[in-house]
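What follows is a short report on a single structure.
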Amino acid sequence: MRLFTTVHILLFLYVISAILFWGFSLDKHSQTIYELEYATLISEVDSANNPAHFEARKTAIEEKRISRTKQYKGEGSTFLLIIVIGALVVYSSFRRSVRLSKQQNNFMLSVTHELKSPIAGMKLNLQTLERHNLDEEKKDMLVARCINEANRLNDLCSNMLLASQMEGRQYKPTKEKLSFTELLEDSLKDYSNRYADRIVAGDLEELNVTGDKVLLSLAINNLLENAIKYTPVDKPVTIALIQKHNTACLQIADNGPGIPDDEKDKIFKKFYRVGNEETRKTKGTGLGLYLTAKIVKQHKGKIHVKDNVPNGATFEVCLPLS
Ligand code: ADP
C-alpha cells in the first residue's frame, strides 16, 4: 500500500510537471511566432506611409497570439483536470480494494474459526456421551449443548449461503402476507430455549407485513443473536413489536457495550466488525448486520441503531404494514 502510494504520488507529480513544462514551452513558442510575425510585418509594411494597413496586420497578429494562448490554456486545463480526476479515482479504488481484501482475509479467518468451534464443541460433547456412563440429567445437558452448537453452525451457513445468493441475485424472495408477530414469536421461542431467562418479551402487538418468511426470520435471528452475544449473561435482552405510523417496528434492546456513534453506520457494511482482531473478544464474521440491512431494504423497511438507556444498543427494524 505504501509503495503504491509513493509510486502513485511520484507519477502524478511527474505528469503534472510534464503538463506545466509543456504549457511553458508552448507559451514561449507562441511568443517566438509572434515576434517573427511582427518582424516580418515591420520589414514588409512601412508604418509611417501606411499606418492603417500596419495597424490592421498588427492587430491580426496579436489576435492570433491571444487565440493560441486561449487554445493551449483550455486544452491544458482540461487535460490537467482529467489527470487529477483519474488519479483520484485510481487511488480511491485501490484503497477500497485493499480494504476489502483485508476484510475478506479477516472474514476467512473468522469463518474458519466460527465453523471449527461448534464442530469441536459438538465432537467433545458427543465423545463425553459415548465414553461415560452418565445420568439422564447430564445426558440431556450434553445433548442440549450439541443442539446449540448445531444451531450456531446452521445460522452461520444460512448467512453465508444467503449472502452469496443475494449477491448473485440467485435468491428470489417471495412476497406473502404474514404475521410479523408469529414470525418473531417463533424465533423468540427458539432463542428462549437456547438461552434460558435471557430474553424478555415486552409489548408484542399483532402486526402483519408482506415479505419473505425465510429472509425475515434470518434478519430477526441475526439481531437476536447479536443482542445475546454482546450482552453479559446476567443482563436481559428486551424485545418489543409495536406499530409506529404505518409500520411494524421491532425493537431489540440489549445491555451490551453499545455502539459508538462513529461506528453506527459502518456496522451495516459487509464484513465490518468494530475494533480490530487483537482487541475483539467476541466471535463473528461481520456478515449478520450487512445481510439484515439488505433484507430490510428489500422489504422497503428501515433499520437503525440507537443507544439503549442506561447502556447497550437498541436495534429498530420498521417494515411497512401489509
Ligand atoms: P458479527 O458476526 O461480527 O457479530 P455483525 O454484522 O452481526 O457481525 O455485526 C457487525 C459488528 O457490529 C459486530 O462485529 C459488533 O462489533 C457490532 N455489533 C453488532 N450488534 C451489536 C450489539 N448488539 N452490541 C454491540 N455491538 C454490536
Side-chain angles (χ1 to χ4, degrees), residues 99-100 102-118 148-149 151-164 166-167 184 187-188 191 194-195 198-202 215-240 249-298 302-317:
R99 199 175 53 232
L100 202 68
K102 225 185 230 171
Q103 284 176 338
Q104 267 168 344
N105 231 349
N106 286 343
F107 171 74
M108 281 315 292
L109 285 175
S110 313
V111 161
T112 319
H113 184 78
E114 289 277 289
L115 288 174
K116 280 184 87 173
S117 82
N148 229 338
E149 298 289 10
N151 280 333
R152 235 176 86 193
L153 205 55
N154 190 37
D155 288 350
L156 180 72
C157 291
S158 307
N159 270 346
M160 285 169 58
L161 193 68
L162 213 75
S164 80
M166 284 176 89
E167 214 90 306
L184 176 63
S187 290
L188 289 182
Y191 274 81
R194 285 160 68 182
Y195 306 97
R198 296 201 55 198
I199 292 186
V200 177
L215 292 185
L216 288 177
S217 289
L218 194 87
I220 296 173
N221 290 353
N222 279 339
L223 293 176
L224 287 175
E225 185 75 39
N226 277 350
I228 298 271
K229 183 160 75 176
Y230 295 102
T231 299
V233 278
D234 55 337
K235 302 261 174 63
V237 168
T238 312
I239 320 292
C249 288
L250 164 67
Q251 295 166 335
I252 299 185
D254 65 54
N255 281 284
I259 293 157
D261 285 343
D262 58 339
E263 303 275 5
K264 283 191 171 83
D265 283 335
K266 297 185 194 156
I267 54 172
F268 297 102
K269 289 188 181 146
K270 195 176 185 182
F271 304 138
Y272 190 83
R273 305 195 69 217
V274 177
N276 58 50
E277 291 304 320
E278 286 82 45
T279 56
R280 237 176 254 134
K281 292 190 198 95
T282 49
K283 294 179 236 156
T285 57
L287 262 186
L289 285 181
Y290 163 74
L291 263 183
T292 305
K294 219 169 163 148
I295 293 169
V296 172
K297 194 171 162 206
Q298 210 168 49
K302 290 222 157 53
I303 181 167
H304 68 266
V305 58
K306 52 187 182 186
D307 294 332
N308 190 18
V309 182
N311 46 37
T314 299
F315 281 83
E316 186 175 70
V317 169

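As the structure lists them, so they are numbered: ligands from 1, and atoms in each ligand from 1.
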For side chain to side chain contact (heavy atoms under 4.5 Å, CB included), just list the numbers for Arg198 and Tyr191, CA-CA rounded to whole Å, side-chain angles, deciding distance to a tenth of an Å, and then say yes or no. CA-CA 9 Å; Arg198 296 201 55 198; Tyr191 274 81; over 6 Å; no
Are any of the heavy atoms in Glu225 under 4.0 Å away from ligand 1? no
Have a look at ligand 1 and work out which part of Phe315, if any, has a heavy atom under 4.0 Å from it: side chain, backbone, both or neither. side chain
CZ (Arg99) and CZ (Phe271) are apart, to the nearest 0.5 Å, by 13.0 Å
Counting each atom of ligand 1 from 1 as listed, which ones have a heavy atom of Lys229 under 4.0 Å away? 1 (P), 2 (O), 4 (O)
Relative to the heavy atoms of Tyr272, which atoms of ligand 1 are at a distance of less than 4.0 Å? 10 (C), 11 (C)
Residue-level breakdown please: for Glu263 versus ligand 1, do any non-hydrogen atoms fall below 4.0 Å on the side chain, on the backbone, on both, or on neither? neither
With no hydrogens and no angle check, just 3.5 Å: does a side-chain donor-acceptor pair link Asn255 and Thr231? no
Which atom of Arg273 lies closest to which atom of Tyr230, heavy atoms considered: NH2-OH, 3.8 Å
Write down the atom of Leu215, the atom of Gln298, and the distance for their closest heavy-atom approach. CD1-OE1, 3.3 Å
Checking contacts here: is it the side chain or the backbone of Val274 that comes within 4.0 Å of ligand 1, counting heavy atoms only? Could be both or neither. both
For atom 26 (N) of ligand 1, which candidate among Leu156, Asp254, Ile259 provides the closest heavy atom? Ile259
Could you tell me if any non-hydrogen atom of Gly258 lies under 4.0 Å from any atom of ligand 1? yes
Just to verify, which of Leu223, Leu224, Val200 counts as forming a side-chain contact (heavy atoms from CB on, under 4.5 Å) with Ile239? Leu224
Any atoms of ligand 1 less than 4.0 Å from a non-hydrogen atom of Gly286? List them with their elements. 1 (P), 2 (O), 3 (O), 6 (O), 8 (O)
Which bit of Thr292 is near ligand 1, meaning a heavy atom under 4.0 Å away: side chain, backbone, both or neither? neither
Steps toward side chain to side chain contact (heavy atoms under 4.5 Å, CB included) verdict (Leu218, Asn159): CA-CA 8 Å; Leu218 194 87; Asn159 270 346; 3.4 Å; yes
Could you tell me, atom by atom, which parts of ligand 1 come under 4.0 Å of a heavy atom of Leu287? 6 (O), 8 (O)
Salt bridge check, Asp155 against Arg152: does any charged N sit closer than 4.0 Å to a carboxylate O? no
